[in-house]
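First up is the structure itself, then whatever we jot down about it.
What you see below is based on every heavy atom in this structure, not just the backbone, and it leaves out hydrogens, waters and symmetry mates. Along the sequence shown, residues carry numbers from 1.
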Amino acid sequence: NISGTLIKKAREDRGMSKVELSQLLDTYGIYINTDELLRIEKNQVLVKDFELVAVASILDIDLNNLKNYLN
(Lines give C-alpha, C1' and ligand atoms only; values in the text may rest on other atoms or scores of the structure.)
Protein backbone atom coordinates (compact mmCIF):
# COMPACT_ATOMS: atom_id res chain seq x y z
CA ASN A 1 0.00 0.00 0.00
CA ILE A 2 1.64 3.23 -1.14
CA SER A 3 -1.15 5.60 -0.15
CA GLY A 4 0.09 6.26 3.38
CA THR A 5 3.64 6.97 2.26
CA LEU A 6 2.35 9.28 -0.46
CA ILE A 7 0.04 11.16 1.90
CA LYS A 8 2.72 11.66 4.55
CA LYS A 9 5.29 12.91 2.05
CA ALA A 10 2.88 15.30 0.34
CA ARG A 11 1.55 16.61 3.66
CA GLU A 12 5.03 17.19 5.08
CA ASP A 13 6.26 18.76 1.82
CA ARG A 14 3.50 21.35 2.24
CA GLY A 15 4.26 21.94 5.92
CA MET A 16 0.77 20.81 6.86
CA SER A 17 0.00 19.16 10.18
CA LYS A 18 -2.25 16.14 10.60
CA VAL A 19 -4.71 18.41 12.41
CA GLU A 20 -4.87 20.78 9.43
CA LEU A 21 -5.36 17.92 6.98
CA SER A 22 -8.06 16.40 9.17
CA GLN A 23 -9.88 19.74 9.35
CA LEU A 24 -9.71 20.22 5.57
CA LEU A 25 -11.02 16.70 5.02
CA ASP A 26 -14.00 17.62 7.20
CA THR A 27 -14.95 20.23 4.59
CA TYR A 28 -15.20 17.39 2.06
CA GLY A 29 -17.46 15.44 4.41
CA ILE A 30 -14.68 12.98 5.19
CA TYR A 31 -14.05 12.51 8.88
CA ILE A 32 -10.59 11.15 9.60
CA ASN A 33 -9.09 12.11 12.95
CA THR A 34 -5.38 12.60 13.55
CA ASP A 35 -4.95 9.17 15.13
CA GLU A 36 -6.39 7.53 12.03
CA LEU A 37 -4.20 9.74 9.79
CA LEU A 38 -1.17 8.53 11.73
CA ARG A 39 -2.19 4.90 11.14
CA ILE A 40 -2.79 5.66 7.45
CA GLU A 41 0.65 7.27 7.12
CA LYS A 42 2.21 4.22 8.78
CA ASN A 43 0.41 2.02 6.23
CA GLN A 44 -1.54 0.30 9.01
CA VAL A 45 -4.94 1.35 7.60
CA LEU A 46 -6.04 1.24 3.99
CA VAL A 47 -7.31 4.44 2.42
CA LYS A 48 -10.66 4.24 0.67
CA ASP A 49 -10.73 5.50 -2.90
CA PHE A 50 -12.97 8.50 -2.13
CA GLU A 51 -10.70 9.44 0.78
CA LEU A 52 -7.65 9.31 -1.46
CA VAL A 53 -9.34 11.54 -4.05
CA ALA A 54 -10.14 14.14 -1.36
CA VAL A 55 -6.63 14.00 0.10
CA ALA A 56 -5.16 14.33 -3.40
CA SER A 57 -7.30 17.38 -4.03
CA ILE A 58 -6.26 19.01 -0.74
CA LEU A 59 -2.56 18.20 -1.14
CA ASP A 60 -2.49 18.87 -4.90
CA ILE A 61 -1.43 15.31 -5.74
CA ASP A 62 -1.75 14.17 -9.35
CA LEU A 63 -3.09 10.64 -9.00
CA ASN A 64 -2.00 9.90 -12.56
CA ASN A 65 1.62 10.19 -11.43
CA LEU A 66 1.61 8.29 -8.13
CA LYS A 67 5.06 6.82 -8.68
CA ASN A 68 6.64 10.27 -8.90
CA TYR A 69 5.65 11.05 -5.33
CA LEU A 70 7.47 8.05 -3.92
CA ASN A 71 10.98 9.04 -5.02
Side-chain angles (χ1 to χ4, degrees):
N1 181 22
I2 62 171
S3 301
T5 304
L6 168 66
I7 292 167
K8 182 177 182 178
K9 181 174 180 347
R11 181 183 59 75
E12 289 178 344
D13 286 351
R14 284 155 186 76
M16 184 181 293
S17 71
K18 289 181 203 70
V19 170
E20 291 169 314
L21 179 55
S22 178
Q23 291 171 341
L24 288 169
L25 284 167
D26 283 351
T27 66
Y28 283 75
I30 296 171
Y31 306 104
I32 299 176
N33 65 38
T34 55
D35 291 333
E36 190 170 357
L37 276 174
L38 178 62
R39 290 192 308 272
I40 287 169
E41 290 183 354
K42 289 183 172 187
N43 295 310
Q44 296 173 344
V45 175
L46 294 176
V47 180
K48 296 172 185 77
D49 55 355
F50 67 92
E51 294 170 337
L52 184 57
V53 169
V55 170
S57 177
I58 292 167
L59 297 176
D60 195 29
I61 297 170
D62 181 356
L63 293 177
N64 293 312
N65 292 315
L66 282 177
K67 66 179 180 170
N68 294 336
Y69 292 97
L70 299 175
N71 297 329

What heavy-atom pair brings [X] and [Y] nearest, and what distance separates the two atoms?
X	Y	result
V47	L52	CG1-N, 3.6 Å
I30	F50	CD1-O, 3.7 Å
I61	A10	CD1-CB, 3.6 Å

[atom1]/[X] to [atom2]/[Y] distance, rounded to the nearest 0.5 angstrom?
X	Y	atom1	atom2	answer
I32	I40	CD1	CD1	4.5 Å
E20	T34	CD	OG1	12.0 Å
L25	I58	CG	CD1	4.0 Å
E36	K18	CD	NZ	13.5 Å

Report task. Report yes if some heavy atom in the side chain of V19 is under 4.5 Å from a heavy atom in the side chain of Q23; otherwise report no. Result ->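 Yes, their side chains come closer than 4.5 Å.
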Query raised in the report: Out of L6, L37, L21, V55, which residue meets the side-chain contact (heavy atoms from CB on, under 4.5 Å) rule with R11?
Result: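 Testing each of L6, L37, L21, V55 against R11, the sole residue satisfying side-chain contact (heavy atoms from CB on, under 4.5 Å) is L21.
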Requested in this report: Begin from the C-alpha positions of R39 and D35 and carry the test salt bridge (charged side-chain N to carboxylate O under 4.0 Å, His left out) through to its verdict.
Outcome: CA-CA 6 Å; R39 290 192 308 272; D35 291 333; 5.5 Å; no
